[in-house]
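To start, the structure itself, in C-alpha cells.
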Amino acid sequence: MKERTPLITNTKCECGHQNPVGTVLCEACGKPLDREEQLSSGNLEMRYDGVARRSQRVNPGVIDLVWNFFSSVKIAIYLIVLTLLGSMLGTIFPQESTFLNIDASTYYPEKYGTAGEIYYKLGLSHTYESWWFVLLLVLIGASLVICSLDRVLPLYKALTRQKIRKHRQFLTRQKVALVTELKEEPEAWVARMVELLQKKGYRVRTDGAALLAEKHRFSRWGPYVIHIGLIIFLLAVLARGLPGLNMDQHLAFPQGDTVRIPDTTYYLKNEKFTVEFYTEEEMPKEFRGKKILPKLYETRAVLYECTANCTDPSKEPQLAEVARHNIQVNSPLSYNGLKAYQFDYDLTPVLRSVQPELINAKSGEVYGKFKLDMNNPQRSFQAGLYTLSLKEKYMDFGLNEEGQPVSKSPYPNAPAFLFLITGPDLPAGGQQYFYFPKQVDKEKFQMTAINDKLGGSGRFLELEVGGMSDVDFSESTTYLNIRVDRAMPFVWIGAGIVMLGLVLGFYWQHRRIWLAANHGELVLGGHTNKNWFGFRREIVSILAKTDLTVDEKSLDNGGGLA
Amino acid sequence: MGRARKPVQIIILFVIILLGGYAIGSSVFGGDGKLREGGKAPSFELLGLDGLTHTLDEYKGKSVVLNFWGSWCAPCVKEMPALQAQWEKWKEQGVVVVGINVGEDQMTVENFVKQVDINFPVVMDTGRDAVRSYGVSPLPTTFFINAKGRVDSIHIGQLDLSTLDDQIGKLVKP
C-alpha cells in the first residue's frame, strides 16, 4: 500500500499541469511528482497510471473517512479472509437448515457431545444465516462497490486523456525501456513504425516524432466487470429472502389425490407412484441377500393451476391442467419457475373408501350397497328398506383413560363408524352398529362382541365388503420437494458477468508503447499489465522490420518482470 | 474532481446501509418465518361450521383468542370447557374465542363440538394453511391477539380456567 501523502505538497508539475492530491505521476507528462522519486532511477509505479484515487484528498470529513475505509484493498482482503474463516466454521457440523424434522437443540449434544452443544449454543449451527456472517457479506459488498468506483473512474479518465509526448524520465523508467541510436530521419521512421504497429493491432497516435501505440485497453476493465457480476450475485442472494421469490417445502401426495401446494395457486396430482428395486440377479454378488437397492422412483404428476374460487374454502376450486411430467430422481416437473423433485415415498396403503353391503347374516339376503368415504362421508345411507345414519366416526379408533371411544390421530389407521340402523324387524328407536372396515381392526377391537352388546341377541344385520373391487385405497404416498427460486436466474447472470470479466482480464493484455525520436536518438518505453515476455518479443519483432536489431534482454529494465 | 462527488458518495453509502440493514435485520429478526409475540397475526380464510367463510379481519377491533385444536388431542379436549366458560364471560367485552380445527372433516368437528358442548365460532383448517402461517407445531396452541391485530402472547399446551382468565384480562386492559 502507498503511504499517505504529506499535507502540503506542491502538486504542480514542471510541465505546468496542476495535479490532484495523491497523484504519483503527472497526469499530463508522466514525470514523477515526488522529489525523491525524481532522483531515483527505479521503475515507475504505474498502478492506475499514477493518478490519484478518488478517496485521496486533503482534510477528509467523516464521509470521506468511511469512504476511505472501504476503498482500501487491505481492508477488503481482511474481510475476505474473515469470511473464509467464518465459512469454515459452518462446515464443522451439519447446518440446521439441512434438517427437515430434527430438533436442533437436542440433536447436536446427542450426536456430537459437548462440542456439539457448544457449537449449537454459539449459533454456529446456522452460520450462514447469522448476523455476523451477513454483516461480513454486506461489508464485502460495500468494499466491492467503493473500491471499484474509487479506482475505475480516475483510471478511465487517465486512459482517455493520455498525452502522446511524455517526459523522458517517464519513458526510460518503464519496465520495458530502450534508448538507442537512430540513423534515419525521425519523422519518416516514426511513419514506418505507425504502419508496422497498426498491423499488430495497435491504435497509434502521433505527435511529430513522438508516438503512442496502444492495444486491448478493454482488458483493464476486466476486474471491474468481475466486481459488477459479484454485486449482482450478492444482491440476488439477498433478494432470495424476499417473500415469493424463494420457496422450499416437502409435501406428501397420496396416490390418486390432488393436493394444493401452499402459498401458490397450484395443485399437484399424483396419478401413480412406482418404485422398482433391482432383482437379485441384477445386483453384484456382494449385495445379494443383503441389500435392497432401488432402481426407479417415479411419480406420474399432473400440475393444475387454480382458475376460480381459489381462496374461498366454501367453494370447490376450479382447476386447469398446466403441466404433466413423470417425475424421477434428477428429472423434476418444471413449470414457470416451480419445480417438483422426487424426495421420498411411503408404501403404506391409505384407505379412502369402502362399499359395504348390508346383509342378513341369517338368511344371507343382501339389502343394498353404499359407498362410505373415510373423509367427509355422507351422513345417511339407504340399503333396501333399511336406513343407516352415521352417528360417530373415528379415524384411528381407540379408548381414552375413561374407557370412552376416541380417535387417536387424524389419520385413517383404524377407522371405525357407528351407525344407527332403522327399518323392518328392528326396535322402534333403531339399532346401533359399529363398523370397522379393516379386517385386522374387526378382530382387534372385537367388532362382533361390541355389536352383540349393542344389538342384543336377536341381531341379524351385518355390514360386509364383497371383494377388493369395493375397496378404494391409495397404494402409496410420494413425497415431493417443491421449490421456487426466482432469484436463481440473477445468480446465474451475476456468475456469467464474473466469467466475462475473468476472460476480459486474463486473455488480453493492455499494451502501450511510447516512442520519442529526436537528434539521432530513439527513446522507447513500454508498459503492459501482464505477459511482459510476449510484449518484449513483439517490440523486438516490430523494431527488426525497421532494420533495428535489438536484443530482447536489453529491453528488460528490471523490476522482476514476468 | 467532479462536483457531484459528495452527493454520489452519500447516496451510495445510504443504499449500502439500507440494503445491509435489511439483510442483517432479516437474519436477526424472524428470518425463520416463525410468528413471535408482538408480531402481526397472519390473516386466514377458513370454512366455519356454519358453512360460511371466516377471516381474521371480521374480528377487527376485537381481542381474539385463537385456539388450534384437534379432536384426537386429549389436552385440547380437556381445555374446551375453560374456553367455553371464558367465551361466555368475556364476549360482552369485545373478546371472541375462535377454535381452529386442524385437518379433520366436518363430521368429526360437528360431533366433537356437540359432544364437548361449545358454541364459540369454530373454523376448519383442512389444508393446514393457518397451521403453517401461525407456525403451530404441537396442539393445542393458543394465540392471544389484541384489538390491533398483534399477537400479545402465545400459549403452547393445555390452558386452565385461571390462566385463560388472566391472559384475556391482560388482552382487554393492557
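Since this is a predicted model, take the numbers as computed values, not measurements.
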Could you tell me which portion of Gln115(B) (side chain, backbone, both or neither) has an atom closer than 4.5 angstrom to a non-hydrogen atom of chain A?
neither

Hey, is Asp129(B) close enough to Arg260(A) for a salt bridge, meaning N to O under 4.0 Å?
yes

Closest non-hydrogen atom pair, Asn111(B) against Lys391(A):
ND2-O, 2.9 Å

Whatever's closer than 4.5 Å to a heavy atom in chain A on Leu19(B) counts as both

Looking only at non-hydrogen atoms, find the nearest pair between Arg379(A) and Met107(B) and report the distance.
NH2-CA, 3.2 Å

Distance, nearest 0.5 Å, that separates CG of Asp263(A) from CZ of Arg132(B)
6.5 Å

Side chain, backbone, both or neither: which part of Leu251(A) has a non-hydrogen atom closer than 4.5 Å to chain B?
side chain

Just how far is it from atom OG of Ser407(A) to atom CH2 of Trp72(B), taken to the nearest 0.5 Å?
8.5 Å

Contact origin within Lys408(A) toward chain B - heavy atom pairs under 4.5 Å
backbone

Would you say Thr108(B) and Tyr394(A) make side-chain contact, with heavy atoms under 4.5 Å?
no

Tell me, do Ile146(A) and Ile16(B) make a side-chain contact under 4.5 Å, heavy atoms counted?
yes

Glu129(A) versus chain B, heavy atoms under 4.5 Å apart: side chain, backbone, both or neither?
backbone

Please flag which part of Val66(A) lies under 4.5 Å from any non-hydrogen atom of chain B: side chain, backbone, both or neither.
side chain

Chain B contact via Leu137(A) - which portion, at a heavy-atom distance below 4.5 Å:
neither

What part of Met395(A) lies closer than 4.5 angstrom to a heavy atom of chain B: side chain, backbone, both or neither?
neither

If you take all heavy atoms of Asn376(A) and Gln106(B), which pair is closest and at what distance?
OD1-N, 3.3 Å

At a heavy-atom separation under 4.5 Å, does Glu45(B) approach chain A through its side chain, its backbone, both, or neither?
both

Against chain A, label Ile12(B) side chain, backbone, both or neither, depending on which of its atoms sit under 4.5 Å from a heavy atom there.
side chain

What part of Val145(A) gets closer than 4.5 Å to chain B, counting heavy atoms only: side chain, backbone, both or neither?
side chain

Proximity breakdown for Gln404(A) and chain B, heavy-atom pairs closer than 4.5 Å:
neither

If we only count heavy atoms from C-beta on, is the Asp105(B) to Met374(A) side-chain gap below 4.5 Å?
no

Heavy atoms from other residues, nucleotides or ligands near NZ of Lys91(B) exceed 12 (cutoff 6.0 Å):
yes

Is it the case that over 12 heavy atoms from other parts of the model lie below 6.0 angstrom from the NZ atom of Lys371(A)?
no

Return yes when atom CZ of Phe120(B) has more than 12 non-hydrogen atoms of other residues, nucleotides or ligands closer than 6.0 Å, and no otherwise.
yes

Side chain, backbone, both or neither: which part of Leu139(A) has a heavy atom under 4.5 Å from chain B?
neither

First locate atom OH of Tyr411(A), then atom CD of Glu104(B), and finally report the distance between them rounded to the nearest 0.5 Å.
10.0 Å

Contact part of Tyr128(A) toward chain B, heavy-atom cut-off under 4.5 Å: side chain, backbone, both or neither?
neither

Flag if over 12 foreign heavy atoms under 6.0 Å of CZ, Phe233(A)
no

Shortest non-hydrogen contact from Ile63(A) to Lys6(B)?
CB-CE, 4.4 Å

